[in-house]
Amino acid sequence: MAESVISLQGLEISFGEKKVLQGVDLEVKKGETMAVIGPSGTGKSTILRALIGLLEPTGGSVFIEGQDVSHLSEEEWNGIRKHVGMVFQYSALFDFLDVGENVAFGLRQHFSLPEDEVRKKVDDLLADVGMLDAKSMYPVELSGGMKKRVSLARALAFGPRIVLYDEPTAGLDPIRTMNISRLIRKTQQKHKVTSILVTHDMESVYTAADRVALLNDGKIVAIGTPEEFRNSDNPLIRGFITGEEITGATEAFR
Amino acid sequence: MLHDICAATGAFVLNFCQVTGQMMLLFIDTLKKLKHASIRETLRQMALLGADSLPIVLLTMLCTGMVFSVQTAKEFVALGASNTVGGIVAIAMGRELVPVLTGVVVAGRIGAAIAAELGTMKVTEQIDALRVMATSPVQYLVAPRFIAISLMMPMLIVFGNFIGNAGGYFVAHYYADIGSYTYLNSIKRFCEMYDVVGGMIKGVAFGAIISIVGCFKGLHADKGAEGVGLATTASVVLSIILIFIADYFMTVLLYVDK
Ligand SMILES: Nc1ncnc2c1ncn2[C@@H]1O[C@H](COP(=O)(O)OP(=O)(O)OP(=O)(O)O)[C@@H](O)[C@H]1O
Ligand SMILES: [Mg+2]
């Protein structure tokens with residue numbers, strides 16, 4: 001069995017009294033894309049924020065490439081973050097930089113590449129996400145879906161070994177969604193990246209993911225391949241995939 | 001009732017200590033990261049906030065110089081001390097009025113802008129995005145602003161002194177009939193370079209206060225747009241209070257028993 005690049009062991013995160021994650025166990029193997037699905041507000045973004053050191057676990061532990069990163073200092077995290085890309089749910093583009101500079105940010109900060117190489121990388125990525133025409137626009141001039149795609153390009157630009165996608169296709173039209181899902185697949189195959197893909201969109205799970213985990217009430221309640229999920233008769237899974245009224249499922253999603 | 005008051009006072013004191021401590025930590029962290037601050041960004045910030053605040057600083061100082069001169073000139077002429085007016089205006093402006101008022105104006109103009117800018121970045125997760133991209137917000141955002149304001153303050157103060165004294169002279173000359181030679185000679189006799197330099201030193205400290213408070217309040221903004229608004233107001237109020245407190249101690253250090 002391949003080693004786990006990302007490993008969550010009984011991860012707990014609370015905000016004050018409120019326990020959001022209540023013992024999440026998850027192993028993501030090298031080169032694997034793990035989709036995490038689940039109802040709104042169960043803590044999918046919270047998992048990603050714990051994985052990049054924006055939130056400190058209140059219990060359990062987080063391992064990245066074998067290293068226990070549960071309680072690292074900011075300096076120690078920065079060493080790890082140079083290999084991890086993250087697509088924020090609400091894009092979080094730097095509004096003082098234009099699209100091209102946003103994408104180039106990681107490259108400029110941590111690699112001293114010649115200018116034409118940076119430009120080529122940025123152009124390639126923007127072309128991949130269909131945003132090359134908008135290269136010199138500022139984030140305020142972009143629509144939500146456009147920001148999302150720039151944010152994706154920014155996360156991939158510096159060649160991370162691990163990528164965390166927080167709903168990269170939310171708010172995109174079906175064709176763009178398909179393109180982005182394929183891009184995620186392509187990135188995984190070409191650069192052997194390990195990734196976690198948080199999404200509400202089953203199509204992109206089928207296209208891009210190797211395995212899926214269903215998060216509900218702060219716990220992983222089911223895990224399997226997209227095929228297994230598609231054919232599952234677990235009411236929670238069926239309810240989530242089809243959106244149908246299924247006894248037990250809708251209660252859980254309230 | 002009494003219990004409530006005690007609890008509220010206790011909470012206030014605790015909170016005050018915590019905020020002060022956190023701000024000291026930010027200050028120390030900023031000092032550590034000064035040498036890694038981007039020179040380009042620092043220069044850009046200096047140009048931005050210099051251009052932003054120079055007009056209003058000049059206007060404030062011109063008015064202050066004129067008012068001060070109106071208030072003193074006629075009285076002193078009546079007392080037969082017309083040869084002291086220039087010196088008095090220059091010393092008061094150089095030591096106290098220009099540095100403190102420039103500090104207040106810059107806190108309102110620049111400190112507020114910084115708190116709003118960083119606060120917006122905080123609530124839109126841009127600060128998180130910086131951290132995720134292994135870039136320290138202190139190094140990338142705070143350090144350049146800290147250097148820029150701390151260096152711009154003394155420069156603004158030099159300009160403020162010029163225009164303030166010019167305003168003082170103008171009023172003394174045309175309103176109280178004090179001759180040009182008398183006025184300028186009075187400045188020369190009573191005022192030393194140190195009166196202005198001390199004010200500039202104060203300016204550096206006030207600049208440090210304004211930038212650290214503005215950045216701190218911005219970086220700790222939460223709860224969306226409302227939080228940004230609160231951070232902005234809080235940063236101005238706190239900066240001004242700290243400037244007045246610092247001014248007292250710096251005056252004692254710089255000018256008493258010198
Ligand atoms: N900073 C915070 N302070 C307090 N509570 C928080 C904070 N961040 C998140 N929460 C709570 O944690 C829970 C999980 O939030 P999270 O953003 O991880 O949900 P999510 O699964 O990503 O939902 P969505 O699909 O809507 O993005 C929510 O109930 C939210 O109220
Ligand atoms: Mg989320």
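Letters A, B, ... mirror the listed sequences (proteins, then strands); counts begin at 1. Values below: every heavy atom of this structure, side chains too, minus hydrogens, waters and symmetry copies. Note that the structure is a prediction, hence the values are computed from the model and not measured.
- For the side-chain hydrogen bond (donor to acceptor under 3.5 Å, both in side chains) test, residues two or more places apart in sequence or in another chain that qualify with B:Thr251 are B:Glu96, B:Lys202.
- Residue B:Ala129 comes nearest to A:Ala92 through the heavy atom pair CB-O, 3.7 Å, listed as atom of the first residue, atom of the second, then distance.
- Proximity to chain B (any heavy atom under 4.5 Å) is shown, for A:Phe94, by both the backbone and the side chain.
- Residue contact with chain B, scored on non-hydrogen atoms closer than 4.5 Å, involves the backbone of A:Leu93 exclusively.
- Both the backbone and the side chain of B:Leu130 come within contact range of chain A, judged by heavy atoms closer than 4.5 Å.
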Write out all chain B-chain A donor-acceptor pairs shorter than 3.5 Å, or none if the list is empty.
{"unit_1": "B:Glu125", "atom_1": "OE2", "unit_2": "A:Arg49", "atom_2": "NH1", "d": "3.1"}
{"unit_1": "B:Gln126", "atom_1": "OE1", "unit_2": "A:Asp95", "atom_2": "N", "d": "3.0"}
{"unit_1": "B:Gln126", "atom_1": "NE2", "unit_2": "A:Asp95", "atom_2": "OD2", "d": "3.0"}
{"unit_1": "B:Asp128", "atom_1": "OD2", "unit_2": "A:Arg49", "atom_2": "NH2", "d": "2.8"}
{"unit_1": "B:Arg131", "atom_1": "O", "unit_2": "A:Arg81", "atom_2": "NH1", "d": "3.3"}
{"unit_1": "B:Arg131", "atom_1": "NE", "unit_2": "A:Glu74", "atom_2": "OE2", "d": "2.9"}
{"unit_1": "B:Arg131", "atom_1": "NH2", "unit_2": "A:Glu74", "atom_2": "OE1", "d": "3.1"}
{"unit_1": "B:Met133", "atom_1": "O", "unit_2": "A:His110", "atom_2": "NE2", "d": "2.7"}
{"unit_1": "B:Thr135", "atom_1": "OG1", "unit_2": "A:Gln109", "atom_2": "OE1", "d": "3.4"}

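- At most 12 heavy atoms of other shown residues, nucleotides or ligands fall within 6.0 angstrom of atom CD1 in B:Ile39.
- For B:Phe159, the CZ atom is loosely surrounded, since the number of other residues' heavy atoms within 6.0 Å does not exceed 12.
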